[in-house]
Amino acid sequence: MATRMVASEMTPSPPPALQIDRREFMRLATTFAAALTMGCDVVCAKSISMKTAINITCFIRYEIDPYQPEAFKEYAENWGPIIPRCGGHLVGYFLPYEGTNNVAWGLIGFDSLASYESYRQKLKIDPEARKNIEAAVAKRIILREERTFLEVVDGTFNVAAAPGEAK
């Protein structure tokens, strides 16, 4: 029996489980950037499907009470169902692991600044969102909060090594 070679079979490609699209890569890159900024060595997270294109990421830097990390963790976990319901794509919240003990981050993706503004209006009237914010204020777990909006630099995003280059 002769073996037949097809051109597409001659070009090695990664298994489908290792192939990711541009949006998934952006989610992973943003997550890893936050983790590396915090000094983490490894980040383990399940894949989150994106229903809309993420053009900007709201990067929230929190200065937290270093004696209440569990209270901040509860605050962050409470956002899990709220943020998607109000129109944001929750990339994740990150607590200090080692090093600085009073800085945490939250990353939320949006397709535009207009989507972010709509999201903010929905948060203001969402009962669970209001309750979560009021609890954080009452416990004084967040001392300061800063928001920065990021966009990917296309020429640096998902750039693969050319064939034959070292990886």
Side-chain angles (χ1 to χ4, degrees), residues 20-159:
I20 60 174
D21 63 12
R22 186 177 176 103
R23 287 179 292 211
E24 178 68 2
F25 181 84
M26 184 173 173
R27 184 191 73 77
L28 291 170
T30 306
T31 302
F32 280 107
L36 291 173
T37 302
M38 294 186 305
C40 295
D41 293 327
V42 178
V43 174
C44 296
K46 66 178 182 177
S47 177
I48 301 170
S49 64
M50 295 178 149
K51 294 180 182 175
T52 59
I54 302 301
N55 294 322
I56 62 168
T57 300
C58 178
F59 191 102
I60 308 167
R61 181 187 183 276
Y62 296 95
E63 183 180 329
I64 63 171
D65 181 340
Y67 300 103
Q68 298 190 68
E70 288 302 316
F72 184 84
K73 181 179 180 182
E74 180 182 346
Y75 166 82
E77 288 173 344
N78 288 341
W79 287 117
I82 300 168
I83 289 171
R85 180 173 64 235
C86 291
H89 171 75
L90 179 59
V91 175
Y93 277 85
F94 303 86
L95 276 168
Y97 177 73
E98 189 174 323
T100 303
N101 67 351
N102 68 335
V103 178
W105 288 273
L107 286 84
I108 307 167
F110 300 93
D111 63 347
S112 66
L113 282 175
S115 295
Y116 170 75
E117 291 301 328
S118 173
Y119 158 84
R120 295 284 293 176
Q121 293 304 314
K122 291 174 185 174
L123 282 183
K124 289 178 183 179
I125 60 172
D126 186 280
E128 284 183 69
R130 293 170 57 115
K131 181 180 174 185
N132 201 33
I133 292 167
E134 289 166 4
V137 170
K139 294 176 185 175
R140 300 181 59 94
I141 59 174
I142 299 171
L143 308 175
R144 185 173 171 193
E145 192 174 313
E146 300 170 0
R147 283 181 173 74
T148 301
F149 293 87
L150 307 171
E151 68 178 343
V152 70
V153 177
D154 286 328
T156 66
F157 188 70
N158 201 16
V159 177

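In what follows, every heavy atom counts, from backbone to side chain, and hydrogens, waters and symmetry copies are set aside.
Note on ring orientation: taking the six-membered ring where Trp is involved, the planes of Trp79 and Tyr75 are perpendicular (angle over 60°, cut-offs 30° and 60°).
Summarising the geometry, atom CD1 belonging to Ile82 is positioned 12.0 Å from atom CD belonging to Glu77; distances are rounded to the nearest 0.5 Å. Rounded to the nearest 0.5 Å, atoms CZ (Arg140) and OH (Tyr67) are 15.0 Å apart. Rounded to the nearest 0.5 angstrom, Asp111 CG and Ser118 OG are separated by 9.5 Å. Residue Ile125 holds its CD1 atom at 9.5 Å from CZ of Arg130, rounded to the nearest 0.5 Å. We find the NZ-CG distance between Lys131 and Asp126 to be 11.5 Å, quoted to the nearest 0.5 Å.
Looking only at distances, no side-chain donor or acceptor of Asp65 sits under 3.5 Å from a matching main-chain atom of Ile141. Remark: side-chain polar atoms of Gln68 are paired, donor with acceptor, to backbone N or O of Lys139 under 3.5 angstrom.
Shown are Ile60, Val91, Thr57; of these, the side chain to side chain contact (heavy atoms under 4.5 Å, CB included) with Ile108 is made only by Ile60.
The minimum heavy-atom distance linking Lys122 with Cys86 is given by the pair CD-O, 3.2 Å. Annotation for Phe110 and Cys58: closest pair CE1-CB, 4.0 Å, computed over non-hydrogen atoms.
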- Item | Derivation of the side-chain hydrogen bond (donor to acceptor under 3.5 Å, both in side chains) call for Asn78 and Asn132 | CA-CA 7 Å; Asn78 288 341; Asn132 201 33; 2.9 Å; yes
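Using a 4.5 Å heavy-atom cutoff, the side chains of Glu128 and Arg85 are in contact. Counting only heavy atoms from C-beta outward, the side chains of Ile83 and Tyr93 approach each other to under 4.5 Å. The shortest side-chain heavy-atom distance between Val103 and Ile64 does not fall under the 4.5 Å cut-off. Glu74 is not listed as a side-chain neighbour of Glu70, based on a closest heavy-atom distance of 4.5 Å or more. Trp105 is not listed as a side-chain neighbour of Tyr62, based on a closest heavy-atom distance of 4.5 Å or more. Put simply, the side chain of Lys73 reaches to within 4.5 Å of the side chain of Leu95, judged on heavy atoms.
Side-chain polar atoms of Ser115 and Ser112 form a donor-acceptor pair below 3.5 angstrom.
Between Phe149 and Phe59, the ring center distance fails the sub-6.0 Å criterion.
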